[in-house]
Amino acid sequence: QVQLAESGGGLVQAGGSLTLSCAASARTFSTYHMAWFRQAPGKEREFVALVLPSAIGTAYADTVKGRFTISRDDAKDTVYLEMRSLIPEDTALYYCAAAAPFSGNYRSEYSYDYWGQGTQVTVSS
């Protein structure tokens, strides 16, 4: 199985920045679709960003496009989420997710096989 561990969450003021990291324990990390999801209390888990194997493509939720950047470092088996211009609506538990290559809806949580424990991001106004 693949093990994922998120880090980098914290409390920031609106307009500030944070970078989240997700360290993967996998023999073939570079072949996985890697994504970030987030979930606020009482709300459904929502897609945030995706990076494809070899970083040949990325995708973002409309709510974060232009503010967040997803990237991967295959030499370190790590995926990152750079978050800028944070707003209180970004407050959530952020999860790292992984899946072997697939076709279908990359925005669906059900497309992913492995999940980290989550890291909390809180943005104050």
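Bear in mind that the values here come from a model prediction, so they are computed numbers and not experimental data.
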* Is any side-chain heavy atom of R84 closer than 4.5 Å to a side-chain heavy atom of V64? -> no

* Are side-chain heavy atoms of M83 and V12 found at a separation under 4.5 Å? -> no

* Heavy atoms, side chains only, cut-off 4.5 Å: are P101 and H33 in contact? -> yes

* Residue pair A99 / S111: nearest heavy atoms and the distance that separates them -> CB-O, 3.4 Å

* Asked: Is there a path from M34 to V2 through hydrophobic residues (I, L, V, M, F, W, Y) whose side chains come within less than 4.5 Å of each other?
  -> yes

* Asked: Could you give the distance from CG (D77) to CD (Q3), rounded to the nearest 0.5 Å?
  -> 12.5 Å

* Asked: So which heavy atom on A40 is nearest to which on A92, and how close?
  -> N-CB, 4.0 Å

* Structure fact -> When every non-hydrogen atom of W36 is compared with those of S21, the smallest separation belongs to CH2-O, 3.7 Å

* To do: Please say whether the positively charged group of R72, taken as NZ for Lys or CZ for Arg, lies over the ring of Y80, i.e. under 6.0 angstrom from the six-membered ring centre and within 45 degrees of the axis.
  => no

* L4 vs Q117 side-chain heavy atoms within contact, under 4.5 Å -> no

* Asked: Can any side-chain N or O of S54 pair as donor or acceptor with the backbone N or O of I56 at less than 3.5 Å?
  -> no

* Which value, rounded to the nearest 0.5 Å, describes the distance between T78 atom OG1 and L20 atom CG? -> 12.5 Å

* Asked: So how far is it from Y95 OH to E6 CD, rounded to the nearest 0.5 Å?
  -> 8.5 Å

* All pairs passing ring-ring contact (aromatic ring centres under 6.0 Å, His included) where residues 40-70 contributes a residue, at least two apart -> F37-F47, F47-Y106

* Asked: Y94 and V48: which non-hydrogen atoms are nearest, and at how many Å?
  -> CE2-CG2, 4.4 Å

* Rounded to the nearest 0.5 Å, what's the gap from CZ on F102 to CG on N105? Could you check? => 8.0 Å

* Side chains of V79 and C96 in contact at under 4.5 Å (non-hydrogen atoms) -> yes

* Shortest non-hydrogen contact between S85 and S17, atoms and distance -> N-OG, 4.4 Å

* Taking every non-hydrogen atom, the tightest pair across I70 and A35 -> CD1-CA, 4.5 Å

* Asked: Between atom CD of E109 and atom CD of E46, what is the distance when rounded to the nearest 0.5 Å?
  -> 11.0 Å

* Asked: Is there side-chain contact between Y112 and L50, with at least one heavy-atom pair below 4.5 Å?
  -> yes

* **ILVMFWY network linking V121 to L81, side-chain heavy atoms under 4.5 angstrom** => yes

* To do: Mind running side-chain contact (heavy atoms from CB on, under 4.5 Å) on L11 and Q120 for me, showing each step along the way?
  => CA-CA 8 Å; L11 174 65; Q120 179 68 37; over 6 Å; no

* How many angstroms lie between atom CG of D90 and atom CZ of R67, to the nearest 0.5 angstrom? -> 4.0 Å

